[in-house]
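Notes for the one structure printed next.
Every chain is numbered from 1, with letters handed out A, B, ... down the list of sequences.
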Amino acid sequence: MKGSLSKVPISKEWDIVGARQTGRNIAKELGFGSVNQARIATTISELARNIYLYTEYGEISFEEVCEKTKVGLKIIATDSGPGIKDISRVMEDGYSTSGGLGAGLPGVKRLMDEFDVESNGDGTKITVIMWLR
Amino acid sequence: MRIPILKLQNYLLVSIQVELDDQTAIEFQEDLLNKIHETGATGVVVDLTSVEIIESFIAKVLGDVVSMAELMGAKVVLTGIQPAVSMTLIDLGIHLKNVKTALDLEQGLIKLKQELEEK
Ligand SMILES: Nc1ncnc2c1ncn2[C@@H]1O[C@H](COP(=O)(O)OP(=O)(O)O)[C@@H](O)[C@H]1O
Ligand SMILES: [Mg+2]
């Protein structure tokens, strides 16, 4: 089991639950413990919900990544939505344009080991990794 | 799927046994408020022992339902939050500071009794 593992389209509310279940199963198979499985599932929920709330369509994909002796799970959330104009703003706790808690993106950054956002007028790509240890 | 709400004397007991999707969470919010209104319950225990994930949306729904119930005059205690769930909530920066919690259903009922007697 190497490289790309799965890709889940996100367009309906129910897809959030589907993506999170897929991700949790992959995390379990890779050998993550129950707390990290919960961190991964929560991350997927937050990213998938943002796609559902702020864009028309997106995808969450899962990859196994290896670096020297480390193995990890990479999760990529991509969408072709309006993009995030002010990335530093959305990374502040409590910032929301939808009356949400604004905890999603800053939370995901704390839940995972690595976090990266790329965004422009054509969409957003958020990449996160958790390493197995 | 709707979450069953049981009445025990002046209390309502809810044990969430399903994976909470948005629809279920929002229906639960409405059902609980209606039930408080119908029964005049003064206390509610919501047991989360079987809940494996609480992300920010569900945390908001739960926090809101607690505030709404309290506006109606019923105290709410959340019980049984799993270790993994409490850790992910803190990572999300969600401290549920205004929400009363207890280890399990039994402790939750004790806490409710104390809260209600103090008044
Ligand atoms: N994929 C996305 N495309 C466009 N905007 C987004 C996207 N994800 C997040 N945002 C913006 O970033 C803000 C903060 O997101 P988040 O931290 O998840 O909090 P919340 O979803 O509770 O508002 C959102 O309110 C929204 O304006
Ligand atoms: Mg969000």
Heavy-atom contact with chain A under 4.5 Å, split by part of Ile58(B): neither

More than 12 heavy atoms from other groups under 6.0 Å of CD on Glu27(B): yes

Atom NZ of Lys7(B): over 12 foreign heavy atoms under 6.0 Å: yes

Most chain B-contacting option - heavy-atom pairs closer than 4.5 Å, from Val35(A), Asn36(A), Leu111(A): Leu111(A)

Other residues, nucleotides, ligands: >12 heavy atoms within 6.0 Å of Lys109(A) NZ: no

Donor-acceptor under 3.5 Å (Glu19(B) side chain, Val17(A) main chain): no

ILVMFWY cluster, Tyr95(A) and Leu53(A) together (side-chain gap under 4.5 Å): yes

Over 12 foreign heavy atoms within 6.0 Å of NZ, Lys70(A): yes

Linked, directly or transitively: Tyr57(A) and Ile10(A) (ILVMFWY side chains, under 4.5 Å): no

Gln37(A) versus chain B, the contacting section by heavy-atom distance below 4.5 Å: neither

Same apolar cluster (I L V M F W Y, side chains within < 4.5 Å links), Val65(A)/Phe32(A): no

Those residues of residues 79-99 of chain B, ordered by number, that approach chain A below 4.5 Å (heavy atom to heavy atom): Ala84(B), Met87(B), Thr88(B), Asp91(B), Leu92(B), Gly93(B), Ile94(B)

Positions in residues 48-57 of chain B that reach chain A, provided some heavy atom is under 4.5 Å away: Glu52(B), Ile53(B), Ile54(B), Glu55(B), Ser56(B), Phe57(B)

Single-linkage hydrophobic cluster Ile26(A)~Ile76(A), side-chain heavy atoms < 4.5 angstrom: no

Winner by heavy-atom pair count (cut-off under 4.5 Å) against chain B, out of Arg49(A), Arg110(A), Arg24(A): Arg49(A)

For chain A, the option from Leu20(B), Asp21(B), Asp22(B) that forms the most heavy-atom pairs under 4.5 Å: Asp22(B)

Same cluster (ILVMFWY, side-chain, under 4.5 Å), Leu103(B) and Leu109(B): no

